[in-house]
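Structure first, then comments.
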Amino acid sequence: MKLQLITPEKIFFEGEIAQVQIPGALGEFGVLPGHAPFVSTIREGAVTIELAGGQTRTIQVSGGIAEVTPEKCVILADSAEAVA
């Protein structure tokens, strides 16, 4: 599935992923390909991305909104910073 993580300044991440964990306002949730569509606010926390090749990336966000469809996930974050 495709993931886009966008901040007001730029597209912070865009690519094919296996899954993503997102800090939702009501708790953390995971998104896999084929997920049911929904929209959620997100709180400050870590977005954990498992890339299609198996590698993992972690990005700290300060809040925002996530939109999920079966083929795509778009995260509109207030700010984002890569975690080493």
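Since we're looking at a predicted model, the values are computed, not measured.
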Joint hydrophobic cluster, Ile59 plus Val68, side-chain heavy atoms closer than 4.5 Å: yes
Verify the cluster assignment for Ile6 and Ile75: are they in a single hydrophobic cluster under the rule of side-chain heavy atoms below 4.5 Å apart? no
Heavy-atom pair with the smallest gap, counting every atom of Ala77 and Val61: CB-CG1, 4.0 Å
Which atom of Ser40 lies closest to which atom of Ala25, heavy atoms considered: OG-N, 4.4 Å
Please tell me whether Val47 and Leu32 are part of a single hydrophobic cluster in this structure, the criterion being side-chain heavy atoms less than 4.5 Å apart. no
Separation between OG1 (Thr56) and CD (Gln19), nearest 0.5 Å, reads 8.5 Å
Taking salt bridge (charged side-chain N to carboxylate O under 4.0 Å, His left out) as the criterion, tell me which of Glu16, Glu14, Glu71 meets it with Lys2. Glu14
Common cluster, Ile49/Ile65, ILVMFWY with side-chain heavy-atom separation under 4.5 Å: no
For the atom pair CD (Glu50) and CD (Gln55), what is the distance rounded to the nearest 0.5 Å? 9.0 Å
Indicate the atoms forming the closest heavy-atom contact of Gly24 with Phe29, along with that distance. CA-CE2, 3.6 Å
Is it the case that the side chains of Glu81 and Gln60 hold a donor-acceptor pair, with the cut-off being a distance below 3.5 Å and no angle test? no
Are side-chain heavy atoms of Ile22 and Cys73 found at a separation under 4.5 Å? yes
Short side-chain to backbone donor-acceptor contact, Ser62 and Ser79, under 3.5 Å: yes
Using side-chain heavy atoms (C-beta onward) and a distance below 4.5 Å, is Val20 in contact with Leu5? no
Is there a path of hydrophobic side-chain contacts, each under 4.5 Å between heavy atoms of I, L, V, M, F, W or Y residues, that connects Val74 with Ile42? no
Contact check, side chains of Met1 and Lys72, non-hydrogen atoms, under 4.5 Å: no
